[in-house]
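What follows is a short report on a single structure.
These values consider heavy atoms only, across backbone and side chains, with no hydrogens, waters or symmetry-generated copies. What you see is a predicted model, and the numbers here were worked out from it, not measured in a lab.
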Amino acid sequence: MADKYKGIATKIIDNVGGEQNVKSVVHCATRLRFVLKDESKANKEVLQDIDKVMSVVQAGGQYQVVIGAEVNDVFSSIEANFNVNNKEAKDSNESDTPSKKSLSGLLAVIASFFTPYIGVLTGAGIIMALVMTLEMYGVISDKSLTYVMLTALSTGIFKFLPLFIAVTAADAFKTNRFIALAIAAAMVFPLTDALGELTFAPFGYTIYFDKYGGAVVPTILAIWVTAYVERFFKRWIPKAAQIVLVPFATLIVAGSLAFLFIGPLGTFVGEMISKGYSSAYGLSPMIAGAVLGGVFQLLVVFGMHWAILPIAMINVNTQGYDTILPVMFMAVYGQVAAVAGMVARLKGNDRSIAVSALIPGFFGITEPALYGVNLKYKRPFIIGLIAAAVGGGIVSFFEVKIFAFTPILNPLFYPLFIGKDSNFAALLVASAITIVIAFIGALFFGLPKPKKAEPVPAVTTPENVVPVANVSDSTITSPLTGELIPLKDVNDPVFSAEIMGKGFAVVPTEGVVTAPVDGEIVILYGTQHAIGIKSTIGLEVLIHIGINTVELNGECFTMTTETGATVKRGDVLGSFDIAGIKEKGYDTTTMVIVTNTADYTDFTYAKENGQVKMNEEVVTVK
């Protein structure tokens, strides 16, 4: 399908100084918000003459291009056609250092590296679990063509996950994709070659060359280091020789660091955890099970769970049973049940991802759940860890055993837990408790609650609210209680100049917003600061709560409506925390704009200023 906004997007990017001048761009209800490297390179006069552009505003460190109702379409075209928002390394000679992330956002950063290929990760996970189940129940033989082919198709992405991570990490850290791929390929190469069986100890600790298949954090760290190494050599190697010598030097230095220090550090930490678990289990099975259950999926994220699995395999081979895998089973249930709880909380594409993660999750593949949902929102991940800790403590306390080794666990493998001195009933109870804790926890606490708005009862009592007037469909009532002011007095040039359209503004004294017309909610922005309503007669009304409040990212707002909802004049749409918005330094003035003003010839105001109550008549259009 042709992109009808591409021409507009191209003109805008050209006149903000080109894509190389764009640090980032986001959008709110009405405008594109650019952060430019050099605002002097932007051509404001030309931008204002571009079709669809209503105005240009420079404020708060942002270069704002006002579009209006079609801002989302223009933004999508910009993202599709230009390298903005670090979608790719924009300039191989760029001297900026890689983006720094806060420690608190580490899990979200890791999850972001998987977003582009979460679909194929999910599909491969389903195939893997299916083929293992069919083989276990004798439907197919492990020597058959079907088994070998499906195993290769499903296992490849997990074994060579570093190659996929290399691409997304290279884009995020602004380094060359192909150098990053070469480093990642070197890390997984020993998996395919006998060299991986060799070990060395040049610094007194053992270096294993076959530990990095599926390793997440070692790969990310390796590419992060690669970015700095590449930038260093670009500064010192003459440009004429960079095409060969920069990759050569970067591979030598960054690759050596990856093999000699980054990888061994991850292996060491994993081994210490394994030894710690074995010692702890001997002292207190319940504590050991709770600790392992609580951290196992975290180990999966860091690629260190492979240090635990060999212990389980050895236990089965030497003792005929193992007590570690039952705990891992609870860890699987914790994350998958948390995703199930999130399904009820999420909407749109995020909900679709959560639903798709449940399918491989049932078969014991947690990566889609981890990287697609739980790590992204953090809370469900932590809730899943807590639930797994409880379940892990229970199965260890009752000495639940498994009598065969398998790296993946799901309900179809329950028969493996039935045997001498294994408390199968305890496994079922632990499974149920883990699922309930994770599901209910994610359902009620998986998403943070926005700050409470001012008490709703104070604005819904008869003395504070004017009853919904019996007015014509062409009348717009006030969605708020507060001080009515003309748009010209609003402290924002886009609204005060009526660039977005005619209307009015209210400085609210109570934090509840209602529908000013009968109609349909056509848009509710994710930041919840702006609501678009199309009335039954075609009026397109935008309620924009506060000035620049898009920057709050939804904090201080609690909307109870949703896109597509049918509303009546006076219906409560949601609430917002006036004090909280002011404390963060934002103006709470709320604009009510008719964005299709050109369709109407006359605006008759019942009142233009003074105190106004919710649902009170303000303006009628013709």
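- For the atom pair Ile127 CD1 and Leu153 CG, the distance stands at 6.0 Å (nearest 0.5 Å).
- The shortest distance between side-chain heavy atoms of Tyr414 and Pro411 falls below 4.5 Å.
- The backbone N or O of Gln335 sits less than 3.5 Å from a side-chain atom of Asn374, completing a donor-acceptor pair.
- In plain terms, the two heavy atoms of Gly446 and Pro380 that are nearest each other are O-CD, 3.5 Å.
- Side-chain contact between Leu181 and Val167 is present, with heavy atoms from C-beta onward closer than 4.5 Å.
- With Phe417 as the partner, the side chain to side chain contact (heavy atoms under 4.5 Å, CB included) test is satisfied by one option alone out of Asn423, Val395, Leu409: Leu409.
- For the pair Ser144 (side chain) and Tyr147 (backbone), a donor-acceptor distance under 3.5 Å is present.
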(request) Evaluate side chain to side chain contact (heavy atoms under 4.5 Å, CB included) for Leu427 paired with Phe424, printing each intermediate quantity in order. (result) CA-CA 5 Å; Leu427 174 68; Phe424 184 69; 4.1 Å; yes
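- Distance CG/Leu163 to CE/Met187: 10.5 Å, rounded to 0.5 Å.
- Distance check: Phe576 CZ to Leu552 CG gives 12.0 Å after rounding to the nearest 0.5 Å.
- Side-chain contact between Ile165 and Ile223 is absent, with no heavy-atom pair separated by less than 4.5 Å.
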(request) Run the numbers on Leu416 and Leu325 for side chain to side chain contact (heavy atoms under 4.5 Å, CB included), then give the verdict. (result) CA-CA 11 Å; Leu416 299 180; Leu325 291 179; over 6 Å; no
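- Two residues are said to be in side-chain contact when any heavy atoms from C-beta on lie closer than 4.5 Å; Tyr321 and Pro326 fail this criterion.
- The main-chain N or O of Cys556 is never found under 3.5 Å from a side-chain atom of Asp577 such that the two would form a donor-acceptor pair.
- Residues Arg177 and Asp171 are in side-chain contact: their nearest non-hydrogen atoms beyond the backbone lie under 4.5 Å apart.
- Partners of Thr588 according to the side chain to side chain donor-acceptor pair (under 3.5 Å) rule, which considers only residues two or more places apart in sequence or in another chain, do not exist here.
- Of all the heavy atoms in Ala337 and Ala438, the pair that sits closest is CB-CB, 3.6 Å.
- Classified by interplanar angle (parallel below 30°, tilted 30° to 60°, perpendicular above 60°), the ring pair Phe329/Tyr333 is parallel.
- In terms of heavy-atom proximity, Ser396 sits nearest to Gly289 at OG-CA, 3.2 Å.
- Here the side chains of Thr561 and Asp571 are not in contact, with every heavy-atom distance at 4.5 Å or above.
- Taking the side chain as every heavy atom from C-beta outward, Leu298 and Phe381 approach each other to under 4.5 Å.
- Between Gly361 and Val332, the shortest heavy-atom contact is O-CG1, 4.2 Å.
- Residues Phe557 and Ile581 meet the side-chain proximity criterion, which asks for heavy atoms closer than 4.5 Å.
- Interatomic distance, Gln528 CD to Ser575 OG, rounded to the nearest 0.5 Å: 9.0 Å.
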(request) Go through Val336 and Leu358 one step at a time and tell me if the side chain to side chain contact (heavy atoms under 4.5 Å, CB included) criterion holds. (result) CA-CA 6 Å; Val336 176; Leu358 286 176; 4.2 Å; yes
(request) For the pair Glu399 and Asp421, evaluate side chain to side chain contact (heavy atoms under 4.5 Å, CB included) and give the outcome as yes or no after the intermediate values. (result) CA-CA 8 Å; Glu399 297 184 352; Asp421 298 327; over 6 Å; no
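- Smallest separation of non-hydrogen atoms from Phe439 and Gly341: CD1-N, 3.4 Å.
- Taken to the nearest 0.5 Å, the CD1 atom of Ile220 stands 11.5 Å off from the CD1 atom of Ile262.
- Atom CD1 of Ile545 is separated from atom NE2 of His529 by 9.0 Å, given to the nearest 0.5 angstrom.
- The minimum heavy-atom distance between Ala354 and Leu346, with the atom names listed, is CB-CD1, 4.2 Å.
- Around atom CD1 of Ile523, more than 12 heavy atoms belonging to other residues, nucleotides or ligands sit under 6.0 Å away.
- A side-chain donor-acceptor contact under 3.5 Å links Ser422 to the backbone of Lys401.
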